[in-house]
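One structure is given below, encoded as structure tokens.
This is a predicted model, so every value here is computed, not measured.
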Amino acid sequence: MMRDWLIEDGRVLAGGALRPGTLALGGGVVRERPAPGAARLDAGGLLVLPGIVDIHGDAHERQFQPRPGINMPASLALRDSAAQILAAGITTAFLGVTLSWEPGLRSIQAWRTLLAGLAALAATPGGWHGAELRVHLRFEADNFAALDEAVADIAAGRVHLLAFNDHTPGILRKLEGEAAAAKYAERSGVPVAAFRALAEAAVARRGDVPAARRRLAEAARAAGLPVASHDDATIAEREAFRALGAGICEFPMAEAVAEAARAAGEAVVMGAPNVVRGGSHLGWASAAPLAERGLVTVLASDYVWPSLLEAAFVLEARGVLDLPAAWALVSANPAAAAGLRDRGRLEPGLRGDVVLVDPARRAPVAVFCAGRLAWLAPEASARLGVAAAMA
């Protein structure tokens with residue numbers, strides 16, 4: 001039975017402001033007022049914030065393959081990933097799954113394994129009560145062998161966001177160095193010479209890429225999926241992907257591209273680790289000043305789930321954005337970009353996705369998913385007095 005909750009005495013982020021107040025949850029959603037007999041949770045000294053929505057995170061790859069060429073069962077990898085996602089305050093996670101011509105971690109076999117694992121997780125006896133796990137299909141441009149299957153999976157509802165990726169030219173350049181070549185080959189589980197041959201065979205069909213992209217775009221449009229383009233280097237590239245229906249500009253490689261996307265009213269995504277570290281690990285644009293100028297509208301975990309929560313506080317500390325504006329980058333804005341109108345904000349009738357945060361530690365204390373208490377920090381039970389309520 002789902003329990004009703006009254007979260008009391010915290011500072012609640014609603015209507016664009018943080019104010020002392022209470023938040024009622026019942027029936028899986030935020031309620032106007034608490035139900036009789038609702039369990040009470042003392043949130044004194046805590047921030048009561050909308051659950052984080054992560055539209056691009058691929059940290060799950062470390063659970064599936066903790067060392068190059070060493071794979072773990074999907075059930076174990078997803079269970080570990082789901083636990084880490086919750087502990088980071090994320091209540092909706094789009095797993096960024098790269099479907100490439102590469103063997104191993106990003107192969108069609110790995111894709112099938114992950115989809116099967118997610119289906120099994122969704123069929124958990126009694127229902128799944130953790131973060132909602134969705135699939136962000138990152139389709140590599142030269143992966144023609146997987147095109148039919150990707151289109152079928154989109155039509156079957158197994159994909160929730162499509163991104164156009166094109167890493168093959170960059171991979172070919174890196175393969176000129178022995179260290180990088182060894183890294184790619186090890187991840188794929190094949191000798192370096194074999195990997196080079198696969199990359200060269202993939203890029204040999206570049207002339208077929210536009211037709212493949214059009215087919216994917218048509219499938220996404222028919223399924224009503226949000227579509228992103230990844231690593232746009234020029235305004236012309238952004239315009240071409242816009243023509244295919246890509247309304248999300250993900251990790252633009254130039255400030256002018258971000259400006260063009262925003263001028264067209266599109267969401268611009270960059271990585272929260274970039275904000276936390278003070279710059280891109282690849283030497284590209286720094287996300288924090290672009291967010292402060294309104295050129296970056298969404299932050300994604302990229303490869304570190306806890307970076308999302310931390311990035312909001314880093315931005316607040318910089319003194320340009322207040323916490324409500326910074327938090328919108330990890331909650332309301334990504335939800336809107338992904339077409340999820342039922343979450344990202346704490347308003348009556350919307351999903352009861354909530355994270356209680358200790359502002360002094362910048363750390364989650366409790367996480368609610370669809371109105372259920374899904375995660376509690378080890379030290380929080382006695383402090384919040386909810387141990388009996390959880391029984």
How many angstroms lie between [atom1] in [X] and [atom2] in [Y], if you round to the nearest 0.5 Å?
X      : Y      : atom1 : atom2 : result
Arg79  : Thr124 : CZ    : OG1   : 11.0 Å
Leu162 : Asn165 : CG    : CG    : 9.0 Å
Ile108 : Glu102 : CD1   : CD    : 13.0 Å
Glu218 : Ile154 : CD    : CD1   : 11.0 Å
Ile90  : Asp353 : CD1   : CG    : 12.0 Å
Leu225 : Leu137 : CG    : CG    : 9.0 Å

**OP:** Go through the steps for Glu292 and Leu315 under the test side chain to side chain contact (heavy atoms under 4.5 Å, CB included), then give the verdict.
**Re:** CA-CA 8 Å; Glu292 290 164 349; Leu315 285 170; 4.3 Å; yes
Say whether, by atom type as modelled, one donor and one acceptor occur between the side chain of [X] and the main chain of [Y] under 3.5 angstrom.
X      : Y      : answer
His60  : Ser81  : no
Arg262 : Thr297 : no
Asp232 : Thr234 : no
Asn274 : Ala287 : yes
His230 : Phe251 : no
Arg40  : Ile7   : no
Arg372 : Ala374 : no
Asp54  : Ser301 : yes
Glu140 : His167 : yes
Ser188 : Ala185 : no

Within the 3.5 Å criterion, strictly below it, is a donor on [X] or [Y] matched to an acceptor on the partner's side chain?
X      : Y      : answer
Arg238 : Ser229 : yes
Arg134 : Thr92  : no
Thr168 : Asp142 : yes

If you group Ile, Leu, Val, Met, Phe, Trp and Tyr by side-chain heavy-atom gaps below 4.5 Å, do [X] and [Y] land in one group?
X      : Y      : answer
Leu78  : Met72  : no
Val29  : Leu13  : no
Leu47  : Leu321 : yes
Val276 : Ile85  : no
Val190 : Val203 : yes

Does [X] come within less than 4.0 Å of [Y], counting only side-chain N to carboxylate O?
X      : Y      : value
Asp153 : Arg112 : no
Arg206 : Glu200 : no
Glu259 : Arg293 : yes
Asp148 : Arg215 : yes

Original post:
What do the steps show when you test Phe139 against Phe164 for ring pair (Phe, Tyr, Trp, His ring centres under 6.0 Å), and what is the final call?
Top reply: CA-CA 6 Å; Phe139 193 89; Phe164 293 111; 8.5 Å; no
Considering only distance and modelled atom types, tabulate donor-acceptor pairs under 3.5 Å from the side chains of residues 304-313, sequence neighbours left out.
residue : atom : partner : partner atom : Å
Ser307  : OG   : Val304  : O            : 2.5
Glu310  : OE2  : Arg362  : NH1          : 2.7

Original post:
Do the non-hydrogen side-chain atoms of Leu118 and Val135 ever get within less than 4.5 Å of each other?
Top reply: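 Yes - at least one pair of side-chain heavy atoms lies under 4.5 Å apart.
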**OP:** Report the C-alpha distance between Leu6 and Leu23 in whole Å, list the side-chain angles of each, state the deciding distance to 0.1 Å, and finish with yes or no for side chain to side chain contact (heavy atoms under 4.5 Å, CB included).
**Re:** CA-CA 6 Å; Leu6 180 61; Leu23 183 75; over 6 Å; no
Return the minimal non-hydrogen interatomic distance between [X] and [Y], and the atom names on each side.
X      : Y      : answer
Ser286 : Gly278 : OG-O, 3.8 Å
Cys369 : Leu86  : SG-CD2, 3.5 Å
Ala370 : Met2   : O-CE, 3.7 Å
Pro68  : Gln65  : CA-OE1, 3.6 Å
Thr91  : Phe368 : CG2-O, 3.5 Å
Pro273 : Ala300 : CD-O, 3.8 Å

Original post:
Where do Arg341 and Glu347 land on the salt bridge (Lys or Arg N to Asp or Glu O under 4.0 Å) test, with the steps shown first?
Top reply: CA-CA 11 Å; Arg341 298 181 178 86; Glu347 296 179 7; over 6 Å; no
Subject >> Derivation of the side chain to side chain contact (heavy atoms under 4.5 Å, CB included) call for Leu25 and Val354 >> reply: CA-CA 10 Å; Leu25 303 176; Val354 186; 4.1 Å; yes
**OP:** Would you please indicate yes or no on a ring centroid separation below 6.0 angstrom for Trp101 and Phe195?
**Re:**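 Ring centroids of Phe195 and Trp101 are less than 6.0 Å from each other.
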**OP:** Could you check Val357 against Leu46 for side chain to side chain contact (heavy atoms under 4.5 Å, CB included), going step by step and ending with a plain yes or no?
**Re:** CA-CA 6 Å; Val357 175; Leu46 303 179; over 6 Å; no
**OP:** Kindly indicate, with the supporting measurements, whether the criterion side chain to side chain donor-acceptor pair (under 3.5 Å) is fulfilled by Asn143 and Ser100.
**Re:** CA-CA 6 Å; Asn143 192 12; Ser100 176; 5.8 Å; no
